[in-house]
Each structure stands twice: as C-alpha cells, then as structure tokens.
Amino acid sequence: KTGRNLKTFDNEAWLKLKGWSSCSLDYKVAETYSKTSDKDEVRIVFEIQVTDHSYPVLDISNFPSEKEIVLQDHDGFKVEKIHQDEQGIY
C-alpha cells in the first residue's frame with residue numbers, strides 16, 4: 001500500500017521527525033534495519049545530509065560498528081528524490 005503512495009509523493013515535501021531518531025552513517029546497516037517479514041510492508045531507507053542537529057554516539061555505543069548517529073526530536077528534512085532499488089527498497 002505505502003509503495004503506491006510513495007510513487008506519487010511530492011518530491012518537495014518536508015518530513016518532520018516525532019521524537020529522537022537513530023540513524024547510521026553506513027547504508028548497509030540502515031538497509032539491515034529496514035528488513036521486514038511482512039509482505040505488505042514497504043522497506044524505506046532515507047539518505048540524509050548530516051547537520052549540526054545530529055549527534056554521533058559511536059564512542060558510547062554498545063555497537064560502534066553500526067556508526068550510529070541520533071537526530072533530535074522534531075528535526076526535519078526535505079524529500080529531494082524517490083528511488084526504488086533492485087531489492088524493492090525506497
């Protein structure tokens with residue numbers, strides 16, 4: 001369902017985060033967290049420009065290899081492009 005909506009999504013829309021959000025600087029790590037066993041769910045990975053509103057937590061993480069950063073509550077970003085790769089990930 002969501003995949004159909006993404007195809008018509010306004011590429012100039014702004015998305016606002018509700019709460020602190022964990023992210024990774026490593027695309028492969030982010031891709032791993034997008035996996036789902038529900039065939040009706042759509043996998044989405046956002047590629048974003050890191051700003052001064054992000055906080056690296058590599059030094060205090062139990063999993064430093066995940067290259068985690070945290071985005072603060074109510075931070076937002078603009079959708080510039082929507083692309084679906086060969087694995088079906090948006």
Side-chain angles (χ1 to χ4, degrees):
K1 299 173 222 172
T2 305
R4 287 190 300 267
N5 293 340
L6 283 173
K7 290 176 183 174
T8 60
F9 198 81
D10 180 3
N11 285 358
E12 296 297 317
W14 280 86
L15 298 178
K16 192 170 198 175
L17 302 172
K18 293 183 180 182
W20 292 81
S21 296
S22 174
C23 302
S24 176
L25 296 172
D26 184 329
Y27 182 84
K28 291 291 184 191
V29 172
E31 186 179 72
T32 300
Y33 279 101
S34 76
K35 289 187 177 174
T36 178
S37 59
D38 186 338
K39 301 292 183 200
D40 291 331
E41 290 185 354
V42 175
R43 295 175 65 189
I44 300 173
V45 174
F46 291 102
E47 184 176 325
I48 60 173
Q49 298 263 332
V50 178
T51 68
D52 57 351
H53 296 278
S54 62
Y55 303 95
V57 293
L58 288 77
D59 295 338
I60 60 172
S61 174
N62 288 330
F63 308 98
S65 64
E66 292 187 354
K67 300 177 183 172
E68 182 180 11
I69 61 169
V70 179
L71 302 179
Q72 68 184 43
D73 185 23
H74 298 324
D75 206 357
F77 53 93
K78 182 175 80 169
V79 175
E80 293 182 355
K81 179 173 80 170
I82 298 172
H83 168 76
Q84 186 175 23
D85 71 12
E86 64 279 352
Q87 296 177 37
I89 300 173
Y90 284 93

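These numbers were taken from a predicted model, which means no experiment stands behind them.
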Are [X] and [Y] linked, directly or through other ILVMFWY residues, by side chains that come within less than 4.5 angstrom of each other?
X     : Y     : answer
Tyr27 : Ile44 : no
Tyr90 : Phe77 : yes
Leu17 : Val70 : no

Counting only heavy atoms not in [X], do more than 12 fall under 6.0 Å of its [atom1]?
X     : atom1 : result
Tyr55 : OH    : yes
Gln49 : CD    : no
Asp59 : CG    : no

Heavy-atom closest contact ([X] atom, [Y] atom, distance):
X     : Y     : answer
Asp85 : Glu31 : OD2-OE2, 4.4 Å
Leu71 : Cys23 : CD1-SG, 3.5 Å
Lys16 : His74 : CE-O, 3.4 Å
Lys18 : Asp73 : C-OD1, 3.9 Å

Steps toward side chain to side chain contact (heavy atoms under 4.5 Å, CB included) verdict (Val29, Lys67):
CA-CA 8 Å; Val29 172; Lys67 300 177 183 172; over 6 Å; no
To the nearest 0.5 Å, what is the distance between [atom1] ([X]) and [atom2] ([Y])?
X     : Y     : atom1 : atom2 : answer
Leu58 : Ser24 : CG    : OG    : 8.5 Å
Leu25 : Glu68 : CG    : CD    : 9.5 Å
Leu15 : Lys78 : CG    : NZ    : 12.0 Å

What residues, two or more places apart in sequence or in another chain, satisfy ring pair (Phe, Tyr, Trp, His ring centres under 6.0 Å) together with Tyr33?
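Listed in chain order: nothing, the list is empty.
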